[in-house]
**Q** 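Mind looking over this structure? Questions follow.
The residues of the chain are indexed from 1 along the displayed sequence.
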Amino acid sequence: MTTLFGIPNCDTVKKAKKWLESNEVEFTFHDYRKEPLPANTLEMWIAEVGQDKLLNTRSTTWRNLPDEDKADLTDVRVVKLLRDNPTLIKRPVLVHTNGIEVGFKDNQYEALFA
C-alpha cells in the first residue's frame with residue numbers, strides 16, 4: 001500500500017497527489033496536521049532517510065523557533081520538534097513498498113512506479 005503524508009494546501013503535496021492520480025497509482029492520503037504522527041513513525045522515517053532530509057530548516061516555522069530549540073538536534077529532539085510542529089516535516093512524504101521518499105519530482109515518482 002502507498003501512503004502520501006502531508007498537508008492538503010501545500011503546492012508540492014498537490015502536485016504529488018495529481019501525479020499519483022493521473023498515473024493511476026492507488027494511495028491513501030494522511031493529513032498529519034489533522035491526525036498527528038506517532039513518535040515511532042517519525043523515528044522510523046529518521047532512521048530510513050535521516051533527519052537532514054526530513055526536517056525542513058527552510059520553513060517559516062523553523063525560522064520562528066527559539067535558538068535553543070534548534071541546537072543539539074539529536075534524533076529524539078527532532079522527533080519532539082516534528083510532533084510539536086508538523087509543518088517542519090518536509091513535504092510530501094511517500095511511504096510505499098520500496099521505502100520512503102521525501103519531496104516530489106516527476107522523474108523520482110516515475111522511477112518508483114515504473
**Q** Which residue pairs satisfy the side chain to side chain donor-acceptor pair (under 3.5 Å) criterion with at least one member in residues 93-114, sequence neighbours excluded?
**A** E101-Q108

**Q** For residues 3-22, which side-chain N or O atoms pair as donor and acceptor with protein atoms under 3.5 Å away, sequence neighbours left out?
**A**
from : atom 1 : to  : atom 2 : distance (Å)
T3   : OG1    : T28 : OG1    : 3.2
S22  : OG     : K18 : O      : 3.1
S22  : OG     : W19 : O      : 3.2

**Q** Transitive ILVMFWY cluster of V76 at side-chain heavy atoms under 4.5 Å: who else is in it?
**A** none

**Q** Output every pair passing salt bridge (charged side-chain N to carboxylate O under 4.0 Å, His left out) with a member in residues 22-31, not counting sequence neighbours, ordered by first then second residue.
**A** none

**Q** Assigning hydrophobic clusters by single linkage (Ile, Leu, Val, Met, Phe, Trp, Tyr; side-chain heavy-atom cutoff under 4.5 Å), is L88 placed with L54?
**A** yes

**Q** Can you get from V49 to L37 by hopping between Ile, Leu, Val, Met, Phe, Trp and Tyr side chains that sit under 4.5 Å apart?
**A** yes

**Q** Side-chain heavy atoms under 4.5 angstrom apart, residues restricted to Ile, Leu, Val, Met, Phe, Trp, Tyr: same cluster for V79 and M44?
**A** yes

**Q** Kindly work out whether a path of hydrophobic side-chain contacts (I/L/V/M/F/W/Y, heavy atoms less than 4.5 Å apart) joins L55 to V95.
**A** yes

**Q** Mind checking the CG-OG1 spacing from L82 to T61? Nearest 0.5 Å is all I need.
**A** 11.0 Å

**Q** Are I89 and V102 in one and the same hydrophobic cluster, where Ile, Leu, Val, Met, Phe, Trp and Tyr link if side-chain heavy atoms are under 4.5 Å apart?
**A** yes

**Q** Starting from M1, walk the hydrophobic network (Ile, Leu, Val, Met, Phe, Trp, Tyr; side-chain heavy atoms closer than 4.5 Å) and list everyone else you reach, by chain and number.
**A** none

**Q** Name all pairs fulfilling the side chain to side chain donor-acceptor pair (under 3.5 Å) condition that reach into residues 62-74, sequence neighbours left out, sorted by first residue then second.
**A** T60-R63

**Q** Just to verify, what does Y32 make a ring-ring contact (aromatic ring centres under 6.0 Å, His included) with, not counting sequence neighbours?
**A** none

**Q** Enumerate the salt bridge (charged side-chain N to carboxylate O under 4.0 Å, His left out) contacts for residues 79-89, please, sequence neighbours excluded, ordered by first and then second residue.
**A** K80-D84

**Q** Please, which pairs that meet side chain to side chain donor-acceptor pair (under 3.5 Å) have at least one residue in residues 39-58, sequence neighbours excluded?
**A** Q51-D75

**Q** Listed by chain and number, what are the side-chain hydrogen bond (donor to acceptor under 3.5 Å, both in side chains) partners of S59, not counting sequence neighbours?
**A** none

**Q** Does the side chain of L81 come within less than 4.5 Å of L73's, by heavy atoms?
**A** yes

